[in-house]
Amino acid sequence: MKEQQYVQDLNLIDTIFIKGLRRAKPPIIPDEDDLEQFIHDVFGNIHELRQCNQRLLDVMLVRQREQGPIIQRIGDIFLNAAAEFRTLYPIYVGNLPVAEKRIKEEAEVNAEFRRFLEQSARADARGLDMKHFIYRPSEHLQKYPVLLEAIFKETAEGNPDADYLLEAEQAIRNLSSVAQLLTFQSAMGRGPTGKWEWHDVVPKEVRNSMSKQETKRQAIIWELIKTEMVYVKDLETIETLFIRPLRESEIIPRDRLPAFLHDVFHNFAELHGHHRRMLDSLFEIQKEEHPTIRSITAPVFDAALNWRDAYLEYIPHYPIAAFRIDDEMANNPSFKAFIEQCIRHPDSRRLDLKAFINRPIPRLLRYELLLKSILEASPPNHEDQEAIPQVLEVIKDLGKATEPGVQAAKQKVELWRYHADLIFKPGEMVDMDLLNENRTLIYTESAQARQEWKMKLEEAKGLRSVVQEANKVFEIETLSVDTFLVPSLHHTATAPSWNEEGMFTGKVTCSVPFSKLSVLDIVRSESHTSNQATADGRGLVAIGCAEGVWIGLRHDSKSMRRVLHLKQVTQCAMLEDFGIFLVLADKSLFAYHIEALVPSNPPSPNTSRAPQKLNGNRDVQFFSVGTIGGRTLVIYMKKKGIESVFRVLEPVVERITEKAKVPGGFGRFAAFGSSRSEWFRVFKDFFLPSEAYDLYFLKAKIAICCSKGFEVMDLSDFKSVTIPQREDPRLQAWNKRLESCIPLGMFRSSENEFLLCYNGTEFGMYVDRHGDPSRAVLTVEWEGTAERVACHPPYIMLFDPRFIEIRHIETGRLAQIIPGDDVRCLWDGRGGSAPPILTPGPDGWQEGGAQDARVHAAMRAEEAP
């Protein structure tokens with residue numbers, strides 16, 4: 001008998017699965033409470049079903065013994081059984097979606113449970129899995145009406161069992177319909193059963209007995225209940241998928257978690273309570289009146305009156321919640337990864353957290369649309385014709401009441417966004433109090449108000465400009481405005497692109513001021529006599545360009561003349577004590593007698609006019625001039641693979657003043673001669689296993705700006721140390737920035753402290769004489785992107801193509817901004833006539849120091865209209 005096989009399968013569920021889980025050693029589900037909850041969720045009231053069907057089987061066997069082999073009546077047995085089934089089967093069948101979900105979830109995370117399922121199927125379950133067995137009651141219940149109908153057709157007319165059979169068949173069919181409805185309700189909008197529509201669960205004959213208008217009305221009522229199920233499930237998912245894992249983890253630090261949960265989820269639990277109660281009321285109506293529901297307006301109206309305060313609090317808070325989520329996503333990688341993981345969870349339906357917390361807002365609008373559709377489909381005299389408009393009025397009024405709060409929250413969030421977008425330099429944070437609860441964002445809507453604001457802002461800018469002009473620390477002194485010209489991008493017939501000599505100068509790249517010495521003065525320099533008073537009293541300046549070198553009087557731009565026809569001049573310097581002019585052009589380093597370039601009157605007869613090339617191939621990247629231990633040195637660098645190779649040269653006075661063996665022509669037409677004495681001797685050679693960018697002479701050592709940082713080296717033994725030490729724990733937060741930037745310069749900020757200047761990440765760092773961090777706030781952040789840096793005590797000057805940024809070297813305070821276009825540093829005080837920078841005393845740098853210019857710059861002049 002099929003009933004016997006069915007009861008045996010119910011017994012197998014108990015013996016193989018339920019008892020198997022409880023008796024397993026070691027436990028398959030370790031926590032005993034979790035195990036019992038799992039058994040309850042999966043198997044529900046299976047024991048009651050087994051007892052019920054065992055009683056049915058016993059009665060059938062007794063009837064078989066009494067009336068066999070020909071059984072006269074069976075309908076009465078099933079009619080009695082149907083009454084008992086009604087309290088058990090709908091509950092069990094309705095729970096099947098939950099049971100299937102729990103089995104799937106446990107199998108995904110519990111390897112022991114998966115092994116248990118496989119072993120059970122092979123051993124005692126006839127090769128069938130747990131899912132097959134838990135669905136047996138639902139399948140068997142659907143077979144009863146088919147069997148009873150078949151028996152009725154074979155029952156002779158007039159047999160008293162026929163009426164019992166028909167009544168039992170109808171009772172069990174109704175029971176299947178109720179079970180199907182409960183299955184739909186328990187799915188809560190998830191899975192295939194949660195997608196059922198009204199016509200999927202209503203027999204065709206019932207649908208055909210209704211009018212089209214009533215069919216439409218019932219389908220809309222079903223849609224309202226169905227979407228309410230999805231909405232309530234989403235509110236529950238907020239707790240299970242987001243809040244609970246956040247509380248049980250360290251994704252958000254414990255000290256910030258309560259505030260975050262409050263700001264993001266606010267009073268969502270209050271909304272869930274209102275809608276859960278409304279949904280339970282709708283379920284009761286559905287179970288009592290299905291498939292034809294008269295009205296669901298009463299529970300919706302009651303809920304709308306009760307949830308008003310909760311929505312008035314929740315909806316205006318949404319902009320704040322959305323901002324908190326965005327802010328946490330941007331600043332907390334763990335939270336971002338958590339949200340991405342949640343999106344992949346089946347319960348999320350591929351929605352992110354913001355979509356979930358936004359659900360209550362469009363839900364109110366959905367009520368309006370559904371209730372209006374129900375109203376349109378209701379008969380003229382139906383009670384909903386009067387009740388639904390009242391519900392709609394309450395919901396519309398709620399929407400309007402939330403608008404001021406939403407606007408205020410948006411303005412608050414805008415202030416917070418401004419606060420988050422503000423970028424302050426470390427140590428220069430300005431508290432604008434934008435997070436104060438009393439701060440609001442005010443919009444000016446009229447043109448007149450905006451114009452008034454504009455005038456006030458312009459007035460404030462004007463006053464600020466006056467203050468800045470009064471407090472500026474540097475004046476600009478012009479060297480030349482009409483000699484050095486580059487073709488304009490907007491060239492016109494009236495805009496000159498050539499200087500007065502008809503020569504194209506090209507881009508200005510470098511300069512150096514100097515005072516010219518006569519040959520007699522050069523000889524005297526052996527005893528280091530002062531050179532401030534020159535032989536002919538002229539203060540000169542040399543300016544290097546892409547097309548050569550120009551020299552002229554320092555305060556007379558009309559006197560500029562080209563003295564060297566060299567291409568791609570990038571650097572120049574003057575050794576005044578030796579009368580030697582150095583120039584780096586096209587990666588070749590040349591030395592010239594200044595007398596050959598700017599002859600005295602009368603010309604000196606002992607001066608060589610032929611230049612000397614100080615390097616071999618065209619491979620010099622840069623050079624630097626300075627003094628260590630009383631020696632004047634020239635150091636140039638050339639690249640060899642990834643290494644930087646340095647040669648240290650020392651000028652030799654005797655060779656420089658030696659009478660030239662081969663007379664030459666004028667400087668601008670000079671050529672390299674083969675008969676000449678060497679003006680420099682090789683002092684040292686060394687290399688650095690990294691890329692070098694510049695070299696500074698310190699008091700007794702040199703500092704090489706390289707890719708590793710600042711390499712401070714003693715030339716006597718080539719011992720060096722790299723600063724700052726990136727292994728220092730105090731620099732841990734700065735290592736990433738230090739790796740991505742290029743050192744620009746190293747200057748004394750006080751007697752025992754240096755300021756290291758970088759570009760790339762635009763900052764300076766204070767270190768002591770050992771290269772260790774020397775301040776609590778150890779950096780100064782530049783306003784611009786520094787490409788060069790120069791020191792003019794007590795200030796440093798940072799060159800951005802748009803402006804010159806001037807800061808006090810000791811305090812880092814911004815002192816002045818000099819705007820310009822295509823701004824470049826031409827001379828930073830090295831290799832010229834500027835006096836050496838002294839070491840600051842115990843009291844630091846003193847204001848009102850030397851007034852002589854020690855920095856040259858170039859910027860693009862405004863084009864003629």
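- N110 places a side-chain N or O within donor-acceptor distance of the main-chain N or O of I28, the cut-off being under 3.5 Å.
- Here L392 contributes atom CG and L371 contributes atom CG; the two are 5.5 Å apart, rounded to the nearest 0.5 Å.
- For R363 and Y367, the positive end sits near the middle of the six-membered ring, less than 6.0 Å away and at most 45° from its axis.
- For W222 (side chain) and W196 (main-chain N/O), a donor-acceptor pair under 3.5 Å exists by modelled atom type.
- Checking side-chain atoms of N95 against main-chain N and O of G44 turns up no donor-acceptor pair under 3.5 Å.
- For the pair Q218 (side chain) and I293 (backbone), a donor-acceptor distance under 3.5 Å is present.
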- Apply side chain to side chain contact (heavy atoms under 4.5 Å, CB included) to F763 and V780, showing your working. CA-CA 5 Å; F763 71 103; V780 180; over 6 Å; no

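- Counting only heavy atoms from C-beta outward, the side chains of M765 and L738 approach each other to under 4.5 Å.
- Under the 3.5 Å distance criterion, the side-chain polar atoms of Y135 are left unmatched by any main-chain donor or acceptor of M130.
- Contact between P299 and I285 at its shortest, heavy atoms only, is CG-CD1, 3.8 Å.
- One finds no salt bridge joining R294 and D384 here, because no Lys/Arg side-chain nitrogen approaches an Asp/Glu carboxylate oxygen to under 4.0 Å.
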- Task: Evaluate side chain to side chain contact (heavy atoms under 4.5 Å, CB included) for M329 paired with I325, printing each intermediate quantity in order.
- Result: CA-CA 6 Å; M329 289 278 285; I325 294 171; 4.2 Å; yes

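- Just one of R256, K354, K336 meets the salt bridge (Lys or Arg N to Asp or Glu O under 4.0 Å) condition when paired with E328; it is R256.
- The existence of a salt bridge linking E106 and K101 is excluded, since no basic side-chain nitrogen approaches an acidic carboxylate oxygen closer than 4.0 Å.
- Ion pairing of E197 with K226 is present here, as a side-chain N (NZ or NE/NH1/NH2) and a carboxylate O approach within less than 4.0 Å.
- Among D41, V42, V98, the one residue that satisfies the side chain to side chain contact (heavy atoms under 4.5 Å, CB included) test with I103 is V42.
- A salt bridge is defined here as a Lys NZ or Arg NE, NH1 or NH2 lying under 4.0 Å from an Asp or Glu carboxylate O, and E228 with R359 fails to meet this definition.
- For F184 and W198, the ring centers are positioned 6.0 Å apart or more.
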- Message: Using the rule given for salt bridge (Lys or Arg N to Asp or Glu O under 4.0 Å), can you reason through D200 versus K195, listing the C-alpha separation, both sets of side-chain angles and the distance that settles it, and then say yes or no?
- Response: CA-CA 10 Å; D200 294 323; K195 305 295 189 297; over 6 Å; no

- For F43 and Y92, run side chain to side chain contact (heavy atoms under 4.5 Å, CB included): C-alpha distance rounded to whole Å, both residues' side-chain angles, the deciding distance at 0.1 Å, then the answer. CA-CA 8 Å; F43 303 104; Y92 182 88; 5.6 Å; no

- Test E223 against K216 for salt bridge (Lys or Arg N to Asp or Glu O under 4.0 Å), laying out the working first. CA-CA 10 Å; E223 178 69 14; K216 178 181 178 181; over 6 Å; no

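- Under 4.0 Å is where a charged nitrogen must lie from a carboxylate oxygen, and between E459 and K454 no such pair does.
- Here the side chains of S348 and L241 are in contact, with some heavy-atom distance below 4.5 Å.
- You'll find the side chain of V264 reaches within 4.5 Å of the side chain of L353, heavy atoms only.
- Counting heavy atoms from C-beta on, the side chains of I374 and I296 come closer than 4.5 Å.
- The 12-atom threshold is not exceeded at NE2 of H40, counting heavy atoms of other residues, nucleotides or ligands nearer than 6.0 Å.
- In this structure, the side chains of S177 and H290 come closer than 4.5 Å at one or more pairs of heavy atoms.
- H262 and H266 have perpendicular rings, their planes meeting at more than 60° on a 0 to 90° scale where under 30° would count as parallel.
- Between H275 and W307, the angle of the ring planes stays under 30°, which puts this pair in the parallel group of the 30/60° scheme.
- A 4.5 Å side-chain heavy-atom check between M210 and R217 finds every atom pair outside the cut-off.
- E805 places no side-chain N or O within donor-acceptor distance of the main-chain N or O of I817, the cut-off being under 3.5 Å.
- Counting non-hydrogen atoms of neighbouring residues, nucleotides and ligands closer than 6.0 angstrom, the CD atom of Q341 reaches no more than 12 such neighbours.
- In summary, the aromatic rings of F335 and F260 are positioned with their centroids under 6.0 Å apart.
- Stacking of R102 on the aromatic ring of F38 is not recorded, the 6.0 Å distance cut-off and the 45° axial limit not both being met.
- A salt bridge links E284 to K287: at least one charged side-chain nitrogen sits closer than 4.0 Å to a carboxylate oxygen.
- Counting heavy atoms of neighbouring residues, nucleotides and ligands inside a 6.0 Å radius, atom CD of E386 does not exceed 12 of them.
- Judged by distance alone, the side chain of Q385 and the main-chain N or O of P380 form no donor-acceptor pair under 3.5 Å.
- Between V394 and R308 there is no side-chain heavy-atom pair separated by less than 4.5 Å.
- R349 and D234 are joined by a salt bridge, as a carboxylate oxygen and a charged side-chain nitrogen come within less than 4.0 angstrom of each other.
- Looking at L35 and P27, their side chains never come closer than 4.5 Å, going by heavy atoms from C-beta outward.
- Checked against the 6.0 Å centroid criterion, the rings of F356 and F242 qualify as a close aromatic pair.
- Under the 4.0 Å criterion applied to side-chain N and carboxylate O atoms, E250 and R254 are assigned as salt-bridge partners.
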